[in-house]
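Report on one structure; see the data block that follows.
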Amino acid sequence: MKRAWIVVLVISLLVFSASWVVAQEAKPAEGMYFRLVTHGGDDPFWAVVQKGANDAAKELGCRVDIDLCGGDLALQQKRFQEAVALKPQGIALVINDDTAWDKPVEDALAQGIPVIGMNNDDSQGAAGNARLCYIGQSEKAAAYRLARKLFDTAKAKGIDLSKAHVAMAAEVPGANYAKIRSSGVIEAMGEYGITSYEIIDAGGLEMTTVEARETSYLLAHPETTFLIGLGGICTDRLTASLKAAGRNPGEVIAGGFDTTPDTLNGIREGYITATIDQQQYLQGYFAVYVLYLYNKYGFTPNIDTGGYLVDSPDKIALIEKLSPLHVR
Amino acid sequence: MERFTKFLRQRAASTFLVFVGLVIIFSLFSPRHVFINARNIAALGKLFPDLGVVALGVGMLMICGEFDLSVASVLPFCAYIFARSLYVGIAPVWGMVLAILVGCGLGWINGFLTVKTRMPSFITTLGTLMFWRGILYVWSQMMPLGIRQYIPTGSSFEKVFAGTIVGFFPVQSLWFALFAVVLGVLLHYHRFGNWVYATGDNRDAARAMGINTDWVKTLCFVIVGALCGFVACMQSVRIGSFAATQGIGMELRSIAACVVGGTSLRGGVGSMSGVTLGALTIPILDNGLILLRVPVFGITAFIGLATILFVVLNTYVERRFR
């Protein structure tokens, strides 16, 4: 009996060891190291990107680190140089400036370090920066899609779009995301015959300041037909601002980006028509996979990860289910 | 004329005059006089206390000769404690008590570091500003936490901290007024206030008078922490969630509000009425300029310019009339 137990134990150990070895062998990117150099920092958006990158690294068996530079371009450039010095198998870089990244990326590529773009690209794409490929939401396409949704909603309500006024609130008006997203909205405006618009400096990332500026703007500009939050915080504060300015649900047609709790509540209450979920988990996840595949096969695919339009209760339910898991 | 000169000798007099001037200009010249529209006043009354309450504490600390830059991190840290406590089943009232106690604790750490190491508080609180925000990012993973399911709109807790009185007047303004009065009495009519002024004006002399300046400074830091804890909860109840971006930029705006209100950066000079006016003036300037349809892109530049002009005006009035 004792002998049988020993045999069972030995077989179990062998099976466990074999499966462990097989599992270890199944990790294809063992020993590889990738780095994500981003301008992100202060918001939940980047926690989800990080989760996507970590999940991919776990699956592939590689190591990945993410730099969050809080919008500080100089710091981000320093982090990029440090990443290059570490000689990783690849870097995914947020290209948040059209000129600042041209030379650093060329230098890194010359040293044999693959650099891909993620989340934000040069406004000229591959023509503006030597990065190998880009993974992320096409900001302009997402904004264009959102704007069309809002304008169609207005049209269905019988609003005369030739007299409509579009206000776009941006936390950091000069930042690439705001410039590119607003250009998508403006392109859609042209198709619907809308000519009047203004970009509002919402005063930064602090929610009370954003809410105060949006509210003041609505009170000063009763002609506002559309209010679009170009960033997640501006979108989050839309509902409170519309309520404070005494607007009824749907009176001003509002929409924006990201899926914070108050944005989703705003859609439920009818104050917000739609918001764009960037599906940023995929940006982190695919960045790691693409760098691995580039090292193995030389693939350089451009991947559009976004603009999932959230505009109905079932889509809200999906987001709310996955949000605690840091996936949406 | 003599009365006017006497009035101008008051520290916050010039701020008061400019404040009244701004109110008159914005009321007269905003389209449809929207500045004095009930909705605009309600929106202002609801939003300015977030900065205002913190500025009251920061003002007292500045009079004591110290700065607290960490308010921008202590506030979201306390907001996270509050939201997390709700998620683990703690009642909102006790969650708020916990958040305020944590704020006091973080304030005490600032005070302890400053008085024991003799480092300038600008440096110690710059360090804790970054430290606590970093800890918050790691802990919260920067994910928002909705709290509407624990504090529904219309619940008594929501009404007390984010409701309205007679269906119009935001309760946040009353909280601000309460804190302004309590801290004003403490600063101007209690011996602790004398110790604060003495410590800020000349620390060595204050010590020679038998004042425990370390204790006074630490207590001022604790008051700032407690106010951050309170505002964290009040703001979270209003926005219905915790957000990692709460409080960003508040460290400089609270100092700007105090400076506009006539508080000296060198300590020993300032008043609670001045800080109150400063905390009111900056949001009103921001609001009024937008209502005047000044291009919103230029507002920040106007605020910066106004802050400088206020200091110049205060200095001029001080030299001319005091």
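Just so we're clear, the structure is a prediction, and the values are computed from it rather than from any experiment. Naming convention: chains lettered A, B, ... in sequence-line order (proteins, then strands); numbering from 1 in each chain.
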**OP:** Please check if any side-chain donor atom of B:Gln246 sits under 3.5 Å from a side-chain acceptor atom of B:Tyr80, or the reverse.
**Re:** no

**OP:** Pick whichever of A:Lys51, A:Lys243, A:Glu223 has the most heavy-atom pairs under 4.5 Å with chain B.
**Re:** A:Glu223

Original post:
Do A:Cys69 and A:Arg79 come close enough that some side-chain heavy atom pair is under 4.5 Å?
Top reply: yes

Original post:
Aromatic ring centroids of B:Phe157 and B:Tyr150 under 6.0 Å?
Top reply: no

Original post:
Is A:Gln77 reaching over with its side chain to a backbone N or O of A:Ala74, donor-acceptor style, under 3.5 angstrom?
Top reply: no

Original post:
Looking at A:Thr260, A:Asn265, A:Thr275, which one forms a side-chain hydrogen bond (donor to acceptor under 3.5 Å, both in side chains) with A:Asp236?
Top reply: A:Thr260

Original post:
Considering only heavy atoms, which portion of A:Thr209 lies under 4.5 Å from any heavy atom of chain B: side chain, backbone, both, or neither?
Top reply: side chain

Subject >> Pairing residues for B:Phe131 by the side-chain contact (heavy atoms from CB on, under 4.5 Å) criterion, not counting sequence neighbours >> reply: B:Ile135

**OP:** Check each atom of A:Thr215 against the heavy atoms of chain B and say whether the ones under 4.5 Å are side chain, backbone, both or neither.
**Re:** side chain

Original post:
For chain A, which residues from residues 33-41 of chain B lie under 4.5 Å away (heavy-atom distances)?
Top reply: B:Val34, B:Arg39, B:Asn40

**OP:** Select, from A:Gly204, A:Ala170, A:Pro173, A:Ala240, the one with the greatest count of heavy-atom pairs under 4.5 Å involving chain B.
**Re:** A:Pro173

Subject >> Heavy-atom proximity to chain A below 4.5 Å, by part of B:Asp286 >> reply: side chain

Original post:
Is the closest side-chain donor-acceptor distance between B:Arg133 and B:Tyr137 under 3.5 Å?
Top reply: yes

Original post:
Would you find a donor on one side and an acceptor on the other, under 3.5 Å apart, between the side chain of A:Thr263 and the backbone of A:Thr259?
Top reply: no

